[in-house]
Amino acid sequence: MRDSDAMVAFYRSLGFDVAEHPPVVSVYAGNQMVNLHRPETWQREGFTLRAPAAEPPCGDLCFVWQGSPESLHAVLDAARAAIEEGPVTRNGGRRADGTSVYVRDPDGNLLEFMIYGS
């Protein structure tokens, strides 16, 4: 990530549990965790635990939204996350169709929120 403070505020505003550590910011979605490397980590010579050419924005993350489309829109509006595409029908990680909405975080990473039918 480029701007740690903006990223922490953004992910917290979306309702994610966020833990700050010196080298990374950990974003928790249920039992899953995404580590966002702080600039001083990914820019450090010898840091190899990333794609060799990765520089922000390089993320493309998909989260399953358990609520209604209306509740998702309310959370995205509160986070000032502009919808880039959607709602659109997509085949997701459950290998089933759902409805996706795409936004970008402050660094420009693509976030997909997928709502599956009941």
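These numbers come from a predicted model, not from an experiment.
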May I have the step-by-step check of side chain to side chain contact (heavy atoms under 4.5 Å, CB included) for V103 and L110, ending in yes or no? CA-CA 6 Å; V103 300; L110 185 65; over 6 Å; no

Under the ring-ring contact (aromatic ring centres under 6.0 Å, His included) rule, collect the residues that match up with Y28, sequence neighbours excluded.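 With sequence neighbours excluded, Y28 shows a ring-ring contact (aromatic ring centres under 6.0 Å, His included) to no residue whatsoever.
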
Going by ring-ring contact (aromatic ring centres under 6.0 Å, His included), name the residues that satisfy it together with Y102, two or more places apart in sequence or in a different chain.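 For Y102, no residue satisfies ring-ring contact (aromatic ring centres under 6.0 Å, His included) once neighbours in sequence are set aside.
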
Is it true that [X] and [Y] fall in one hydrophobic cluster, defined by side-chain heavy atoms closer than 4.5 Å?
X	Y	value
W65	V18	yes
V34	L14	yes
L111	V64	no
W42	L36	no

So do the side chains of [X] and [Y] get within less than 4.5 Å of each other, counting heavy atoms only?
X	Y	answer
P106	D3	no
D5	M7	no
S4	P39	yes
M1	H37	no
R90	E85	yes
P23	F47	no
F113	L61	no
L76	V101	yes

Side chain to side chain donor-acceptor pair (under 3.5 Å) involving S26 - partner list, sequence neighbours excluded: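 Partners of S26 by the side chain to side chain donor-acceptor pair (under 3.5 Å) criterion, ordered by chain and then number, come out as N35.
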
Main chain of D60, side chain of N109: is a donor-acceptor contact present, judged purely on distance under 3.5 Å?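 Not a single qualifying donor-acceptor pair exists.
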
What closest approach, in Å, do [X] and [Y] show between heavy atoms, and which atom pair accounts for it?
X	Y	answer
P87	T99	CB-CG2, 3.4 Å
Y116	G98	CD2-CA, 4.2 Å
S13	V75	O-CG1, 4.1 Å

Got a sec, which residues hit salt bridge (charged side-chain N to carboxylate O under 4.0 Å, His left out) with R44, two or more places apart in sequence or on another chain?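 Counting only residues at least two positions away or on another chain, R44 forms no salt bridge (charged side-chain N to carboxylate O under 4.0 Å, His left out).
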
Report the residues that fulfil salt bridge (charged side-chain N to carboxylate O under 4.0 Å, His left out) with E40, sequence neighbours left out, ordered by chain and then residue number.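 Scan of E40 (salt bridge (charged side-chain N to carboxylate O under 4.0 Å, His left out), adjacent residues dropped) gives none.
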
NE2 of H21 to OG1 of T41: how many Å apart, nearest 0.5 Å?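 Spacing of NE2 (H21) from OG1 (T41) equals 11.5 Å.
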
Going from CG on L72 to OG on S100, what distance comes out if it is rounded to the nearest 0.5 angstrom? 10.0 Å

Mind checking what makes side chain to side chain contact (heavy atoms under 4.5 Å, CB included) contact with [X], not counting sequence neighbours?
X	result
A29	F16, F63
Q32	none
R80	none
A74	none

What residue pairs, at least two apart or across chains, pass salt bridge (Lys or Arg N to Asp or Glu O under 4.0 Å) with a residue in [range]?
range	result
residues 15-33	R12-E20, E20-R38
residues 22-31	none
residues 61-75	none

